[in-house]
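All values below were derived from every heavy atom in this structure, side-chain atoms included, with hydrogens, water molecules and symmetry-related copies excluded.
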Amino acid sequence: MIKYIALLRGINVSGQKLIKMDALRSSLDKLRYENIQTYIQSGNIVFESPETNQKNLESQIHNNIEDTFGFDVPVIVRSKKEWAETFSNNSFINDRNEEITKLYVTILAEEPSEENLKVLQDFHSGPEEFIKVGLNLYLFYVNGAGKSKLDNNTIERKLKVKGTTRNWKTTTKLMEMLEA
């Protein structure tokens with residue numbers, strides 16, 4: 001069995017696409033995943049599966065949510081190994097020791113083009129900072145994320161790829177769950 005994390009995009013936000021986590025876990029039981037756990041209401045799922053194709057897992061979870069709850073929800077799946085790399089490659093922590101409460105990571109569904117990465121860089125005027133490493137966009141919100149124009153929707157629109165953003169506290173908790 002392989003340990004995975006599935007990240008759902010845009011559920012339980014501002015009263016939209018409401019899914020209770022116990023109902024989500026029950027619906028995933030149909031997929032024969034094992035040791036299914038969720039963390040907070042924003043769609044973080046840790047589970048085990050013998051499946052080695054992550055795109056298949058993403059499709060299974062997406063289709064299950066659509067069939068069960070009637071919502072089209074983007075799903076990104078990462079293996080325990082990939083999440084460990086995400087967790088350990090944050091330069092804002094490793095090189096600069098920035099305040100954890102101001103750190104986020106956007107998990108990208110696929111590699112953006114260099115052209116679209118330049119579009120995001122040209123759009124961005126600060127004070128936030130971002131560093132792209134692999135399929136992760138590490139974010140440092142100097143003044144907090146709440147009023148920033150560099151939000152998940154903007155990142156997706158400029159990069160032309162799906163992504164979902166988690167704060168560093170959630171990122172850390174998910175790493176702990178994967179290691180347990």
dist Ser79:OG -> Leu178:CG (nearest 0.5 Å) comes out at 9.0 Å

Review point. Quick one: do Ile131 and Leu137 end up in the same hydrophobic cluster if we chain Ile, Leu, Val, Met, Phe, Trp and Tyr together by side-chain heavy atoms under 4.5 Å apart?
Key: no

Under 4.5 Å between any side-chain heavy atoms of Glu98 and Leu103, yes or no? yes

- Sub-4.5 Å side-chain heavy-atom contact between Lys173 and Ile40: no

In terms of heavy-atom contacts, Arg166 and Thr170 come closest through CD-CG2, 4.0 Å

When rounded to the nearest 0.5 Å, the distance separating CG of Leu31 from OG of Ser49 is 9.0 Å

Query raised in the report: More than 12 heavy atoms of other residues, nucleotides or ligands under 6.0 Å from CZ of Arg96: is that the case?
Result: yes

Between Leu8 and the options Thr164, Ile76, Val73, Asn44, the side chain to side chain contact (heavy atoms under 4.5 Å, CB included) test singles out Val73

| query | Does any N or O in the side chain of Lys17 come within less than 3.5 Å of the main-chain N or O of Asp72, such that one atom is a donor and the other an acceptor? | reply | yes

**Message:** Given 3.5 Å as the limit, does a donor-acceptor pair link the side chain of Lys102 with the main chain of Val142, or not?
**Reply:** yes

Smallest heavy-atom separation, Ser88 atom then Asn94 atom, equals O-ND2, 2.7 Å

Side chain to side chain donor-acceptor pair (under 3.5 Å) between Tyr33 and Gln60, intermediate numbers included:
CA-CA 11 Å; Tyr33 300 157; Gln60 290 170 8; 2.6 Å; yes

* Within a strict 4.5 Å, meaning less than it, do heavy atoms of the Thr171 and Trp83 side chains meet? -> yes

Is there a path of hydrophobic side-chain contacts, each under 4.5 Å between heavy atoms of I, L, V, M, F, W or Y residues, that connects Ile100 with Leu174? yes

Apply side chain to side chain contact (heavy atoms under 4.5 Å, CB included) to residues Glu82 and Leu135 and explain how you reach the verdict. CA-CA 10 Å; Glu82 290 170 322; Leu135 294 176; over 6 Å; no

Discussion item. Between Lys80 (side chain only) and Lys3 (backbone N and O only), is there a donor and an acceptor less than 3.5 Å apart?
Written reply: no

So CD of Gln54 and CD1 of Ile2: to nearest 0.5 Å the spacing works out to 8.0 Å

- Measure from the ring center of Tyr138 to the ring center of Phe92 and say whether it is less than 6.0 Å. no

So, does Asn152 use its side chain to make a donor-acceptor pair with the main chain of Gly163 at under 3.5 Å? yes

So CZ of Arg157 and CZ of Phe123: to nearest 0.5 Å the spacing works out to 7.5 Å

Given 3.5 Å as the limit, does a donor-acceptor pair link the side chain of Ser148 with the main chain of Gly144, or not? no

In short, Tyr4 meets Glu51 closest at the heavy-atom pair OH-O, 2.5 Å

CD1 (Ile5) and CE (Met175) are apart, to the nearest 0.5 Å, by 9.0 Å

| query | Just checking, any donor-acceptor pair under 3.5 angstrom between side chains of Thr154 and Asp151? | reply | yes

Exercise. Indicate if Met177 and Ile107 have the same hydrophobic cluster label, given that clusters are the connected sets of ILVMFWY residues with side-chain heavy-atom separations under 4.5 angstrom.
Key: yes

Legend entry - Heavy-atom check, side chain of Ile65 versus side chain of Leu24, under 4.5 Å: yes

ask   = Hey, are the side chains of Phe130 and Leu150 touching, using non-hydrogen atoms and a 4.5 Å cut-off?
value = yes

Nearest heavy-atom approach of Val105 to Asn136 is CG2-CB, 3.9 Å

Q) Checking Asn143 side chain against Pro127 main chain: does a donor-acceptor pair fall under 3.5 Å? A) no

Does a side-chain N-to-carboxylate-O contact under 4.0 Å join Glu58 and Lys162? no

- Kindly work out whether a path of hydrophobic side-chain contacts (I/L/V/M/F/W/Y, heavy atoms less than 4.5 Å apart) joins Leu139 to Leu159. yes

inquiry  = I'd like to know if Glu111 pairs up with Lys132 as an ion pair, taking the criterion as any Lys NZ or Arg NE/NH1/NH2 lying under 4.0 Å from an Asp or Glu carboxylate oxygen.
reply    = yes

4.5 Å side-chain heavy-atom contact, Phe47 and Leu57:
yes

In this structure, NZ of Lys169 is separated from OG1 of Thr101 (nearest 0.5 Å) by 11.0 Å

Looking only at heavy atoms, the pair that brings Met21 and Ile11 closest together is CE-CD1, 3.7 Å

Minimal heavy-atom distance between Ile61 and Ala6, with the atoms involved, is CD1-CB, 3.8 Å

Original post:
Are side-chain heavy atoms of Ile45 and Val75 found at a separation under 4.5 Å?
Top reply: no

**Request:** For the residue pair Ile93 and Trp168, establish whether any side-chain heavy-atom pair is separated by less than 4.5 Å.
**Result:** yes

Applying the 4.5 Å side-chain criterion to the ILVMFWY set and letting contacts propagate, would Tyr39 and Val46 be lumped into a single cluster?
yes

